[in-house]
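Notes follow the structure.
This structure is a prediction, so every number in the text was calculated from the model and none was measured.
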Amino acid sequence: MKIAVTYQDQMVFPHFGHTEHFKLYEVENGNILYTQIVDTNGEGHGALAGLLTRLQADVLICGGIGTGAQNALQEAGISSFGGVTGNADEAVRAYLSGTLSYDPDVHCDHHEKEHSCGEHTCQKDKHGCAGNGA
């Protein structure tokens, strides 16, 4: 089994779509055989599900994660556990022992906030700005 964790400075990185690294754990019979740090090479959001598929990850542990990424991971057969904070190694050990604290309803909604029309002029009401155009 391979477990991927969004990773920065030994910690679970708080945003799946912006992670620059994954720490991969190869696990057999509940024991960690080896780990490696994998660079995402600038891939983000939906492309990361493809990267995890190529890496043959079975499980993802992360902080915040959007619904689109959750759906892409589910379609790829990768179980995701979001809303996790703290040390990456400890999170994996907790997952393996069945004690991982995660949020099954975690949703990243920053994308909606980016489209609040406070920084641009909408020509259509595609972002819910209703008449904010010039």
Checklist outcome for this item: For Ala91 and Val12, the nearest pair of non-hydrogen atoms, with its separation, is CB-CG2, 4.2 Å

Checklist entry - Are Phe16 and Val84 in one and the same hydrophobic cluster, where Ile, Leu, Val, Met, Phe, Trp and Tyr link if side-chain heavy atoms are under 4.5 Å apart? => result no

Checklist outcome for this item: Distance col, row Glu26:CD vs Asp58:CG, nearest 0.5 angstrom, shows 8.5 Å

Checklist entry - Is Leu100 reachable from Leu52 through a run of hydrophobic residues whose side-chain heavy atoms are each under 4.5 Å from the next? => result no

Next on the checklist: Membership question, hydrophobic clusters at under 4.5 Å side-chain separation (ILVMFWY): are Ile61 and Ile32 in the same one?
Outcome noted: yes

Checklist entry - Is there a side-chain contact (heavy atoms from CB on, under 4.5 Å) between Phe13 and His18 once you walk through the steps? => result CA-CA 9 Å; Phe13 188 73; His18 290 248; 4.0 Å; yes

Checklist entry - Would Val59 and Ile78 satisfy side-chain contact (heavy atoms from CB on, under 4.5 Å), going step by step from the backbone distance to the final call? => result CA-CA 5 Å; Val59 173; Ile78 300 170; 5.7 Å; no

Checklist outcome for this item: Nearest heavy-atom approach of Ala76 to Thr53 is CB-OG1, 3.4 Å

Item to check | With sequence neighbours excluded, residues passing side chain to side chain donor-acceptor pair (under 3.5 Å) with Asp89 | outcome: Lys23, Tyr25

Checklist outcome for this item: Separation between CE (Met1) and CD (Glu28), nearest 0.5 Å, reads 11.0 Å

Checklist entry - Is there a chain of hydrophobic side chains (I, L, V, M, F, W, Y, each step under 4.5 Å between heavy atoms) that links Leu60 to Ile3? => result no

Checklist entry - What is the distance from atom OG1 of Thr85 to atom CD of Glu90, rounded to the nearest 0.5 Å? => result 10.5 Å

Next on the checklist: Pair Val5, Phe22 - check side-chain contact (heavy atoms from CB on, under 4.5 Å), show working.
Outcome noted: CA-CA 5 Å; Val5 180; Phe22 287 107; over 6 Å; no

Next on the checklist: I need the minimum non-hydrogen distance between Asp39 and Leu51, along with the two atoms involved.
Outcome noted: O-CD2, 4.5 Å

Next on the checklist: Minimum heavy-atom separation for Gly30 and Leu96, please, with both atom names.
Outcome noted: O-CD1, 3.8 Å

Item to check | Pair listing, ring-ring contact (aromatic ring centres under 6.0 Å, His included) test, anchored in residues 56-101, at least two apart | outcome: Phe81-Tyr95, Phe81-Tyr102

Checklist entry - Is there a donor-acceptor pair closer than 3.5 Å between any side-chain N or O of Asp103 and the backbone N or O of Asp105? => result yes

Next on the checklist: With rounding to the nearest 0.5 angstrom, report the OG1 to CG distance, Thr40 to Leu48.
Outcome noted: 6.0 Å

Checklist entry - Do Val27 and Leu55 belong to the same hydrophobic cluster, where Ile, Leu, Val, Met, Phe, Trp and Tyr are linked whenever their side-chain heavy atoms lie under 4.5 Å apart, directly or via other members? => result no

Checklist entry - To the nearest 0.5 Å, how far apart are NE2 in His21 and CG in Asn41? => result 9.0 Å

